[in-house]
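Values below: all heavy atoms of this structure, side chains included; hydrogens, waters and symmetry mates excluded. All values reported here derive from a predicted model rather than from experimental measurement.
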Amino acid sequence: QVQLVESGGGSVQAGGSLRLSCVVSGYTYNNICVGWFRQAPGKEREGVAAMIRGRGSTVYADSVKGRFTISRDNAKNTVYLEMNNLKPEDTAMYYCAADLSPLWVGRCLISRVMAYWGKGTLVTISS
């Protein structure tokens with residue numbers, strides 16, 4: 001059973017940085033897509049960044065390109081989301097999700113594709 005546990009959320013001022021972590025357990029193969037999603041109050045969940053672990057391919061939403069970076073540490077079974085130059089509109093609950101049959105990395109930003117989800121970590125950015 002695949003399990004994902006997020007951590008690293010918090011409250012920072014605009015312009016600050018945070019690094020989120022997602023520990024993936026129960027699946028050791030590299031052909032897994034891991035994505036970061038966020039949902040702000042009253043808004044739909046959106047994919048912000050994703051990668052296919054074994055291929056190293058990545059994709060980002062336009063709203064975070066140049067500010068967010070997704071990376072992995074295979075030895076720790078962890079996927080990170082480095083977030084820089086944070087803005088108040090980045091405030092949301094951030095979720096880590098996984099798909100075990102990735103076709104292409106862009107598909108990993110589609111929430112209905114992802115079969116496994118963490119419980120989320122809250123990010124609050126003040127102006």
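Annotation: side chain of Y60 is not in contact with side chain of L109 (no heavy-atom distance under 4.5 Å). At least one side-chain heavy atom of V64 sits under 4.5 Å from a side-chain heavy atom of R38. Taking 4.5 Å as the limit, every side-chain heavy atom of S57 sits out of range of all side-chain heavy atoms of W104. Residues Y27 and Y116 form no side-chain contact, since every pair of their non-hydrogen atoms from C-beta on lies 4.5 Å or further apart. Side-chain contact between V34 and R72 is absent, with no heavy-atom pair separated by less than 4.5 Å. With contacts defined as side-chain heavy-atom distances shorter than 4.5 Å, the pair N31/R55 qualifies. Two residues are said to be in side-chain contact when any heavy atoms from C-beta on lie closer than 4.5 Å; D90 and M83 fail this criterion. Here the side chains of S25 and N77 are not in contact, with every heavy-atom distance at 4.5 Å or above.
Residues V23 and F37 do not share a hydrophobic cluster, defined by chaining ILVMFWY side chains whose heavy atoms lie under 4.5 Å apart. Both V59 and I52 are members of a single hydrophobic cluster when ILVMFWY side chains are connected at heavy-atom separations under 4.5 Å. A chain of hydrophobic side-chain contacts below 4.5 Å, direct or via other Ile, Leu, Val, Met, Phe, Trp or Tyr residues, connects V48 to V79. Taking hydrophobic clusters as Ile, Leu, Val, Met, Phe, Trp and Tyr residues chained together by side-chain heavy-atom distances below 4.5 Å, L100 shares a cluster with V24.
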Run the side chain to side chain contact (heavy atoms under 4.5 Å, CB included) test on S63 and E46 for me, step by step, so that the C-alpha distance in whole Å, both residues' side-chain angles and the decisive distance to 0.1 Å come before the verdict.
CA-CA 10 Å; S63 57; E46 65 167 335; 4.2 Å; yes

Would I32 and D99 count as a side chain to side chain contact (heavy atoms under 4.5 Å, CB included) here? Give the steps.
CA-CA 6 Å; I32 179 173; D99 172 34; over 6 Å; no

For K65 and D62, what are the C-alpha separation, side-chain angles and deciding distance, and is it a salt bridge (Lys or Arg N to Asp or Glu O under 4.0 Å)?
CA-CA 5 Å; K65 278 182 183 177; D62 288 343; 3.2 Å; yes

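Taking both residues in full, the closest heavy atoms of A61 and G47 are given as CB-O, 3.4 Å, listed atom of the first, atom of the second, then distance. Residues V123 and G9 come closest through the heavy atom pair CG2-CA, 4.2 Å. The heavy-atom pair separating A92 from A40 by the smallest distance is CB-N, 3.8 Å.
The NZ atom of K87 lies 13.5 Å from the OG atom of S127; values are rounded to the nearest 0.5 Å. Note that the NZ atom of K119 and the SG atom of C96 stand 14.0 Å from one another [nearest 0.5 Å]. Taking CZ of R67 as the start and CG of N84 as the end, the distance is 9.0 Å to the nearest 0.5 Å. Rounding to the nearest 0.5 Å places CG of L81 at 11.0 Å from CE of M51. Here OG of S21 is found 12.5 Å from CG of L4. Values are rounded to the nearest 0.5 Å. From Q13, atom CD reaches atom OG1 of T124 across 13.0 Å, with rounding to the nearest 0.5 Å.
In this structure, E6 contributes its side chain and T121 its backbone to no donor-acceptor pair below 3.5 Å.
Between W117 and Y95, the angle of the ring planes goes over 60°, which puts this pair in the perpendicular group of the 30/60° scheme.
For F68 and W36, the ring centers sit 6.0 Å or farther from each other.
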